[in-house]
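One structure is given below, encoded as structure tokens.
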Amino acid sequence: MGGLRIGSFGEVLAELDAGQYAPVPGLFAAGEVTGGVHGENRLAGNSLTECVVFGRAAGRAAVDAALHRALRAGRVGAPTP
């Protein structure tokens with residue numbers, strides 16, 4: 001097993017130095033492509049819950065990042081609550 005290292009909001013992390021990681025701007029992941037929170041000792045039933053939880057978190061973070069990028073570029077108006 002293995003996969004992409006992700007942060008708590010599904011942002012993909014790149015290794016800068018040994019043990020030092022930073023988010024890759026605009027890149028999010030969830031599910032089987034990630035290393036997962038359980039590592040190599042993943043139980044089959046846990047993976048579905050992990051996909052749902054991190055998929056939702058990654059989706060929300062990706063939308064938030066895209067909106068902020070568009071707002072900074074002046075491509076959209078401010079979102080209404």
Closest contact, heavy atoms only, S8 versus A57 | O-CB, 4.2 Å
Looking only at heavy atoms, which two atoms of G10 and A58 are closest? And how far apart?
-> CA-CB, 4.0 Å
Can you spot which of F54, F28, Y21 makes a side-chain contact (heavy atoms from CB on, under 4.5 Å) with I6?
-> F54
Name every donor-acceptor pair, under 3.5 Å, that has one atom in a side chain of residues 62-71 and the other anywhere in the protein, sequence neighbours excluded.
unit_1 : atom_1 : unit_2 : atom_2 : d
D64    : OD1    : H68    : ND1    : 3.1
H68    : ND1    : D64    : O      : 2.7

ILVMFWY cluster, V33 and V24 together (side-chain gap under 4.5 Å) | yes
Any donor and acceptor pair, going by atom type alone, linking the side chain of Q20 with main-chain N or O of A18 inside 3.5 Å?
-> no
State the OG1-CG distance between T34 and L13, to the nearest 0.5 angstrom.
-> 11.0 Å
